[in-house]
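Residue indices begin at 1 and follow the sequence shown. Source: prediction; values computed, not measured.
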Amino acid sequence: MMAALARNWELKLLAVILAVVVWFFVVSANRSQFGFGASVEYVGLEPGMVLVGTPREAVDVQVEAARWAAARLAPADVRVRVDLSRAREGDNTLQLSAGDVQAPAGVSVVRVSPNWLRVAVATAATRALRVVPRLRGSPPADVQLGRVVVEPATVQVKGPRTTIEERATVETAPVDVTGLRQSVTRTVGLLLPDSVYPTTQRTVQVTVEIRRDR
């Protein structure tokens with residue numbers, strides 16, 4: 001039996017090689033490459049730290065997908081998770097690799113560009129700030145502004161300690177009172193410094209009272 005297997009072994013080996021080559025080209029023909037911007041998700045940051053500035057929101061990712069996977073592949077299906085668990089206060093340079101990319105089954109990552117990101121991290125602080133209403137414009141001449149009430153009167157925010165400790169107040173987005181003839185209540189956002197965000201209340205209600213001249 002061994003003699004039969006050894007007979008014409010060169011031809012049998014060549015046949016195996018040709019089969020592998022044909023299989024490779026068939027598989028390659030059934031795969032496509034795509035390039036698009038993938039959103040970046042930052043994870044693992046320690047609770048006592050906060051990102052400073054505006055970190056990069058997307059990177060270019062090139063992927064290769066089988067035909068059945070490519071038919072239903074969308075950019076939103078591919079995300080880049082950046083691990084910040086080892087980030088320290090100050091500037092950090094983080095390497096990116098294919099292992100940081102989350103992609104559906106049948107999709108493999110070919111390239112990530114850029115392959116590094118720079119992020120700034122600072123010690124965080126939390127503080128309650130008094131909300132100051134900001135008005136824009138003027139009511140008609142025959143009426144006058146009355147009380148301006150904000151609810152809630154204070155909001156709790158979180159951000160870099162050096163920024164938070166310098167502040168006692170935060171302004172609202174402008175409330176336009178141009179042409180206003182009756183009292184109104186508006187829901188508006190807050191004008192917060194970069195890298196500072198509210199921990200609970202993202203909007204407040206501003207009530208502007210209008211009085212008529214007598």
Exercise for review: Run the numbers on Val206 and Thr185 for side chain to side chain contact (heavy atoms under 4.5 Å, CB included), then give the verdict.
Suggested key: CA-CA 5 Å; Val206 179; Thr185 298; over 6 Å; no
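- Here the side chains of Trp116 and Leu96 are not in contact, with every heavy-atom distance at 4.5 Å or above.
- Of all heavy-atom pairs spanning Ala120 and Asp91, the tightest one is CB-OD1, 3.6 Å.
- Within the 4.5 Å cutoff, the side chain of Val132 has no heavy atoms near those of the Thr172 side chain.
- Across every non-hydrogen atom of Val52 and Val121, the tightest pair is CG2-C, 4.2 Å.
- When all heavy atoms of Arg130 and Thr154 are compared, the pair lying nearest together is CA-CG2, 4.0 Å.
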Review point. Stepwise, does the side chain to side chain contact (heavy atoms under 4.5 Å, CB included) test hold for Arg181 with Asp142?
Key: CA-CA 9 Å; Arg181 290 188 171 276; Asp142 60 337; 2.9 Å; yes
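- Atom CZ of Arg118 is separated from atom CG of Leu94 by 10.5 Å, given to the nearest 0.5 angstrom.
- Considering only heavy atoms from C-beta on, Arg81 stays 4.5 Å or farther from Asp100 through its side chain.
- At least one donor-acceptor pair closer than 3.5 Å links the side chain of Asn92 to the backbone N or O of Gly90.
- Tracing side-chain contacts under 4.5 Å through hydrophobic residues (I, L, V, M, F, W, Y), one reaches Val101 starting from Val59; they form part of the same cluster.
- Going from atom NZ of Lys158 over to atom OG1 of Thr126 covers 5.5 Å, rounded to the nearest 0.5 Å.
- When side chains are defined from C-beta on, Leu145 counts as touching Leu135, because their heavy atoms get closer than 4.5 Å.
- With hydrophobic clusters built from ILVMFWY side chains whose heavy atoms lie under 4.5 angstrom apart, Val61 does not share a cluster with Val110.
- No side-chain heavy atom of Val155 sits under 4.5 Å from any side-chain heavy atom of Pro198.
- For the pair Gln201/Leu190, no side-chain contact is recorded, criterion being any heavy-atom separation below 4.5 Å from C-beta on.
- Taking hydrophobic clusters as Ile, Leu, Val, Met, Phe, Trp and Tyr residues chained together by side-chain heavy-atom distances below 4.5 Å, Leu84 does not share a cluster with Val50.
- When atom types are taken as modelled, the side chain of Thr203 and the backbone of Gly189 share no donor-acceptor pair closer than 3.5 angstrom.
- Using modelled atom types and a 3.5 Å distance limit, the side chains of Ser183 and Glu209 yield no donor-acceptor pair.
- Between Leu129 and Thr169, the closest side-chain pair of non-hydrogen atoms is not below 4.5 Å.
- The backbone N or O of Ala58 lies less than 3.5 Å from a partner atom in the side chain of Arg56, making a donor-acceptor pair.
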Review point. Please walk me through it: do Gln156 and Thr200 pass side-chain hydrogen bond (donor to acceptor under 3.5 Å, both in side chains)?
Key: CA-CA 7 Å; Gln156 185 166 279; Thr200 52; 5.8 Å; no
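- Looking at every heavy atom in both residues, Asp176 comes nearest to Arg136 through OD1-O, 3.1 Å.
- Side-chain atoms of Gln144 and Arg211 form no donor-acceptor pair, as typed in the model, at a separation below 3.5 Å.
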Check your understanding: When you look at Val148 and Thr207, which way does the side chain to side chain contact (heavy atoms under 4.5 Å, CB included) test go after all the steps?
Key -> CA-CA 6 Å; Val148 180; Thr207 299; over 6 Å; no
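- Judged by distance alone, with hydrogens and angles left aside, the side-chain atoms of Ser195 form a donor-acceptor pair with the main-chain N or O of Gly53 at under 3.5 Å.
- Following chains of ILVMFWY side-chain contacts shorter than 4.5 Å, one can reach Leu117 starting from Phe36, so the two form part of one hydrophobic cluster.
- Distance alone, capped at 3.5 Å, places no donor-acceptor pair between the Asn115 side chain and the Val112 backbone.
- A side-chain hydrogen bond (donor to acceptor under 3.5 Å, both in side chains) with Thr123 is found for exactly one of Glu46, Glu89, Arg161, namely Glu89.
- Between Arg111 and Asp60 there is no salt bridge, since none of the side-chain N atoms of the basic residue sits less than 4.0 Å from a carboxylate O of the acidic one.
- Shown here for Val80 and Ala38, the closest heavy-atom pair between the two residues is CG2-CB, 4.1 Å.
- The backbone N or O of Ile164 lies less than 3.5 Å from a partner atom in the side chain of Arg127, making a donor-acceptor pair.
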Exercise for review: Just do the side chain to side chain contact (heavy atoms under 4.5 Å, CB included) check on Thr187 and Gln205 with the steps written out, would you?
Suggested key: CA-CA 4 Å; Thr187 299; Gln205 288 189 327; 3.7 Å; yes
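- The heavy-atom pair separating Arg88 from Met49 by the smallest distance is C-CE, 4.4 Å.
- Side-chain contact between Val204 and Pro152: present, with at least one pair of heavy atoms (C-beta onward) separated by less than 4.5 Å.
- Note on Val170: it does not cluster hydrophobically with Tyr197, by side-chain heavy-atom contacts below 4.5 Å among ILVMFWY residues.
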